[in-house]
J.: 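My questions will all concern the structure given below.
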There are 4 protein chains.
Amino acid sequence: MARAEPADDAPRRGRPRSQKTRQAILEATSDLLLEHGLGSISMDTVAERAGASKATIYRWWPSKELLALDALFSEWETARPDTPDTGSLDGDLLALVGPWIHQVAQRPYGRVIAALVVRAQTDPQFAQAYSARFLQPRRDEVRVIFDRAIERGDIPADTDVEAAIDLVYGPFYHRMLQGHAPNTDGFARTVVAYVVAGVSGPAVRAE
Amino acid sequence: MARAEPADDAPRRGRPRSQKTRQAILEATSDLLLEHGLGSISMDTVAERAGASKATIYRWWPSKELLALDALFSEWETARPDTPDTGSLDGDLLALVGPWIHQVAQRPYGRVIAALVVRAQTDPQFAQAYSARFLQPRRDEVRVIFDRAIERGDIPADTDVEAAIDLVYGPFYHRMLQGHAPNTDGFARTVVAYVVAGVSGPAVRAE
Amino acid sequence: MARAEPADDAPRRGRPRSQKTRQAILEATSDLLLEHGLGSISMDTVAERAGASKATIYRWWPSKELLALDALFSEWETARPDTPDTGSLDGDLLALVGPWIHQVAQRPYGRVIAALVVRAQTDPQFAQAYSARFLQPRRDEVRVIFDRAIERGDIPADTDVEAAIDLVYGPFYHRMLQGHAPNTDGFARTVVAYVVAGVSGPAVRAE
Amino acid sequence: MARAEPADDAPRRGRPRSQKTRQAILEATSDLLLEHGLGSISMDTVAERAGASKATIYRWWPSKELLALDALFSEWETARPDTPDTGSLDGDLLALVGPWIHQVAQRPYGRVIAALVVRAQTDPQFAQAYSARFLQPRRDEVRVIFDRAIERGDIPADTDVEAAIDLVYGPFYHRMLQGHAPNTDGFARTVVAYVVAGVSGPAVRAE
DNA sequence: TCCTAACCGAGACGGTACGTCGCGTCTTAGG
DNA sequence: CCTAAGACGCGACGTACCGTCTCGGTTAGGA
């Protein structure tokens with residue numbers, strides 16, 4: 001949630017927050033977000049679509065971007081699979097990025113994420129929230145995968161895991177945001193293959 | 001330029017466009033852009049800073065984003081080095097991306113580019129302009145480098161060059177936009193090394 | 001008022017209109033109007049002087065002219081005397097037009113009214129509002145006076161009252177708008193005398 | 001003309017003024033003026049319609065209103081009859097105002113004149129020009145008529161002629177500008193009858 | 001059963017920026 | 001010297017959102 005929740009044992013006097021309204025706002029935001037993009041929707045529009053009041057929105061979400069973050073997160077996180085463990089590095093990576101690119105390709109998330117990135121550039125507080133919700137969890141998963149590969153001895157122990165993570169996600173984000181080419185399954189396989197080959201050590205051309 | 005230029009042999013009637021004003025607008029835009037980011041500057045501010053009129057700006061640039069594109073391009077392109085040819089794939093790549101990350105790190109270009117990316121998500125016409133000015137030229141350079149490597153036999157002829165290009169630029173854009181880590185020289189070396197190793201063929205662990 | 005008022009028994013939802021702001025806008029308009037004339041004032045200036053927002057002005061008054069109409073009316077109507085009844089036609093007319101020309105002469109209303117007349121020429125809806133607020137009430141008063149004179153038998157029953165009204169007000173408006181001569185008390189007496197003599201029937205030169 | 005003409009015996013060097021352009025501008029102004037009213041036309045529109053350049057217009061007419069004055073005058077003055085002399089006061093007055101109200105009724109001159117009046121309220125220099133072109137010539141004619149009536153002994157020698165003139169023209173201007181009723185021939189006859197009766201001296205009711 | 005706190009909708013408010021239009025001036029090339 | 005074309009600085013336009021603020025009304029727990 002975008003606002004600090006009170007302690008569970010607090011008295012909680014007064015009328016409690018309407019969950020129906022909360023849901024309506026998040027859904028209205030999600031819908032409008034994917035229809036028009038963050039820049040083209042207004043708080044007034046969200047309020048109207050949700051049948052809510054602007055004041056209510058501002059009571060719980062301090063900015064349009066944080067609202068979008070929450071809305072997107074709600075839609076995104078439902079039924080996301082656990083970090084896979086296929087036993088091989090390339091298997092794990094493909095099992096991770098495959099569903100990710102499918103989900104992203106499904107609807108125009110690109111422009112929404114781009115808009116969030118813009119806000120994160122200027123607002124450090126928002127940047128923190130964005131990172132904690134969207135960025136780090138995905139990086140953590142990949143980090144686990146690479147760590148397991150190191151433990152198994154599949155890749156060198158001195159592998160630069162942070163760089164490797166960027167090498168994995170960078171190309172997909174690049175295509176998603178710059179839009180010069182689609183994130184196809186073939187592209188995913190190629191990227192994973194190249195990355196795995198790359199981190200597996202100094203290449204020796206097969207004669 | 002943001003607007004089509006008339007044919008060179010046209011009669012050229014009427015008062016000609018003021019190049020002084022054009023420059024003043026582009027410079028004012030550049031300055032404000034890097035100081036505050038695209039979202040925080042207004043056409044009014046640009047006009048005032050440039051000593052120009054809003055109408056004049058709109059006469060030549062249909063949107064704030066296209067103006068920013070032009071301004072950034074003017075600032076960016078001055079004295080950009082030619083595509084390097086060091087004789088080796090990793091040498092070429094490093095010689096290319098090194099200056100690029102330095103230039104980007106120098107001033108807060110990240111948030112400006114992010115803002116342009118946002119607009120490109122929604123406006124196909126702008127996307128085209130953005131791609132032609134910023135994206136494709138850089139990709140073309142890397143493509144040349146990989147093609148040369150293939151010719152030299154340094155990497156397999158069936159290398160997926162397009163994917164390789166994304167593998168090179170993706171991680172740097174990723175860090176620039178997501179901001180989770182800086183684009184250091186060390187990171188550049190690591191990325192280049194992994195990519196070169198990755199595309200050099202099926203890795204064989206050195207015993 | 002410039003906008004239809006809701007029914008008195010309506011639920012009255014939402015924040016009620018700020019009467020303080022309403023007054024501030026009307027007073028700012030009145031002041032600026034008489035200082036500079038309608039053509040020389042801008043909505044921005046009115047808003048600034050009133051400490052209000054332009055949007056608030058446009059919410060309640062669809063045009064500068066209607067705002068001016070309202071402002072002028074507010075200033076004008078405060079403490080306007082009732083239709084006089086002196087017992088004689090010329091007495092009644094003088095008692096009516098005397099205060100009127102004094103009020104008009106007091107401040108530069110002429111140019112404001114002229115500007116309203118311009119708008120009324122082009123905009124039938126505004127013409128209606130102008131007529132209902134400024135024109136007809138004055139004409140009604142004169143009509144009452146003439147009707148009483150007819151009842152008393154002071155003037156013929158077949159007097160063309162509408163023409164007579166124009167004969168009374170026309171000369172004063174003419175001088176106010178064309179500005180070729182001032183509306184003095186002497187002029188008022190002369191006009192009234194001529195009109196009364198004129199409608200009193202076929203003149204017979206006194207021998 | 002709106003600008004002082006050089007002395008006839010001046011050398012007159014350079015390209016002479018284009019009479020064709022002058023006519024085109026005046027006609028374009030007339031047309032647009034009567035179609036849309038002064039407030040709704042722009043110098044750009046006039047220039048375009050006339051096939052002329054804005055600079056050319058401003059070279060010869062210092063303001064839109066003076067241009068309109070010139071244009072209207074050109075259209076208005078063509079073939080205006082001489083001051084009539086029918087031998088009787090009411091005959092003269094009717095012969096004068098009759099054609100005038102016909103001409104005015106013919107096209108929407110009212111709003112144009114209203115606009116000129118507005119400008120005259122604020123700009124004394126324009127007021128002078130307006131008066132000299134439109135107002136005083138008409139007043140002079142009526143003055144001549146009343147003077148002749150005095151000479152003939154039809155009306156008292158101490159008649160307030162200036163007031164009488166306003167009494168004649170005021171009602172027609174009033175109806176033209178306020179628009180509450182049309183300037184019909186019947187109205188003209190009534191006004192003239194009342195005015196003539198009014199100035200003919202203290203009325204004595206016919207027993 | 002009230003009281004009172006916190007919620008909610010509606011919607012008015014002071015602002016800021018938008019993109020456009022018209023003004024009157026200017027700078028070209030050309031007649 | 002005049003003209004057409006058209007770019008320019010300026011200022012106002014009317015609109016759209018922003019985030020804040022009153023209102024009346026609703027929904028709970030504690031007194």
Side-chain angles (χ1 to χ4, degrees), chain A residues 11-18 20-22 39-48 50-60 62-64, chain B residues 11-18 20-22 39-48 50-60 62-64, chain C residues 11-18 20-22 39-48 50-60 62-64, chain D residues 11-18 20-22 39-48 50-60 62-64:
Chain A
R12 293 289 217 150
R13 308 207 330 151
R15 179 177 174 177
R17 178 174 183 185
S18 158
K20 211 177 74 182
T21 295
R22 193 186 101 94
S40 302
I41 69 176
S42 68
M43 291 304 242
D44 293 72
T45 313
V46 173
E48 196 185 4
S53 150
K54 263 203 299 177
T56 302
I57 302 182
Y58 280 108
R59 193 195 308 278
W60 301 106
S63 74
K64 192 165 72 170
Chain B
R12 294 285 208 167
R13 299 197 305 176
R15 179 176 175 176
R17 177 173 184 187
S18 160
K20 213 178 71 181
T21 296
R22 194 187 102 94
S40 301
I41 69 176
S42 65
M43 291 305 238
D44 292 77
T45 312
V46 172
E48 195 184 4
S53 135
K54 261 200 299 177
T56 300
I57 301 182
Y58 281 107
R59 195 194 312 279
W60 300 106
S63 74
K64 194 163 69 170
Chain C
R12 293 286 206 167
R13 300 196 304 177
R15 179 176 174 176
R17 175 173 185 186
S18 160
K20 213 178 72 183
T21 294
R22 193 186 103 94
S40 302
I41 69 177
S42 65
M43 291 305 238
D44 292 76
T45 312
V46 172
E48 195 184 4
S53 138
K54 260 201 298 178
T56 300
I57 301 183
Y58 281 108
R59 195 194 313 280
W60 300 106
S63 74
K64 195 162 70 170
Chain D
R12 294 288 216 151
R13 307 206 330 151
R15 177 175 173 180
R17 177 174 184 186
S18 158
K20 212 178 74 183
T21 296
R22 194 186 102 93
S40 302
I41 70 176
S42 67
M43 290 304 241
D44 294 74
T45 313
V46 172
E48 195 184 5
S53 150
K54 263 202 298 176
T56 301
I57 302 182
Y58 280 108
R59 190 192 309 280
W60 300 105
S63 73
K64 190 164 72 170

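Sequence lines set the chain letters: A, B, ... in the order given, protein chains first and strands last, and positions in each chain run from 1.
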J.: Whole Å only: how far is the OH atom of Tyr58(B) from the C1' atom of dT20(E)?
T.: 9 Å
J.: In whole Å, what is the span from the CZ atom of Arg13(B) to the C1' atom of dT3(F)?
T.: 12 Å
J.: Are Arg22(B) and Trp60(B) in a cation-pi setup, meaning NZ or CZ lies under 6.0 angstrom from the ring centre and within 45 degrees of the ring axis?
T.: no
J.: Can you measure from NZ (Lys64(A)) to CD1 (Ile57(A)) and round to the nearest 0.5 angstrom?
T.: 11.5 Å
J.: On DNA chain E, does the nearest nucleotide to Ala55(D) precede the nearest nucleotide to Ile41(D) from the 5' side, or the other way round? Give the residue.
T.: Ile41(D)
J.: Checking all strands, does Thr21(A) fall into the base, sugar-phosphate, or nothing category for heavy-atom contacts under 4.0 angstrom?
T.: sugar-phosphate
J.: Whole-Å distance between dG11(F) C1' and Met43(C) CE?
T.: 16 Å
J.: Considering every strand and a 4.0 Å limit on heavy-atom distances, what is the contact class for Lys64(D): base, sugar-phosphate, or nothing?
T.: sugar-phosphate
J.: Rounded to the nearest Å, what distance is computed from the CD1 atom of residue Ile57(D) to the P atom of nucleotide dT3(F)?
T.: 11 Å
J.: Start at the 5' end of DNA chain F and walk down; is the nucleotide closest to Thr45(A) or to Ala50(D) reached first?
T.: Ala50(D)
J.: For DNA chain F, whose closest nucleotide is more 5', that of Arg15(B) or that of Arg15(C)?
T.: Arg15(B)
J.: Between dA10(E) and Ser53(A), counting only base atoms on the nucleotide and side-chain atoms on the residue, is there a donor-acceptor pair under 3.5 Å?
T.: yes
J.: Is Arg17(D) side chain donor-acceptor paired with the dC2(F) base, going by distance under 3.5 Å alone?
T.: no
J.: OP1, OP2 of dG11(E) versus side-chain N and O of Trp60(C): anything below 4.0 Å?
T.: no
J.: Establish, with yes or no, whether the OP1 or OP2 oxygen of dC2(F) is under 4.0 angstrom from a side-chain nitrogen or oxygen of Ser18(D).
T.: no
J.: Would you name the heavy atoms of Ala47(D) and Ser53(D) that are closest together and state the gap between them?
T.: CB-C, 4.2 Å
J.: Can you check the Asp44(B) CG to dC10(F) P distance for me, whole Å?
T.: 13 Å
J.: Separation of Glu48(A) atom CD from dC8(E) atom P, in whole Å?
T.: 19 Å
J.: Under the 3.5 Å rule, do the base of dG14(F) and the side chain of Lys54(C) count as making a donor-acceptor pair?
T.: yes
J.: Determine the contact category for Ala47(B): base if any of its heavy atoms lies under 4.0 Å from a base atom, sugar-phosphate if only primed atoms, P, OP1 or OP2 are that close, otherwise nothing.
T.: nothing
J.: Got a second to check how far Met43(A)'s CE is from Ser63(A)'s OG, nearest 0.5 Å?
T.: 7.0 Å
J.: On DNA chain E, nearest-nucleotide positions of Gly51(C) versus Ser40(B): which is more 5'?
T.: Gly51(C)
J.: With a cut-off of less than 4.0 Å, is there a side-chain N or O of Thr56(D) near OP1 or OP2 of dA4(F)?
T.: yes
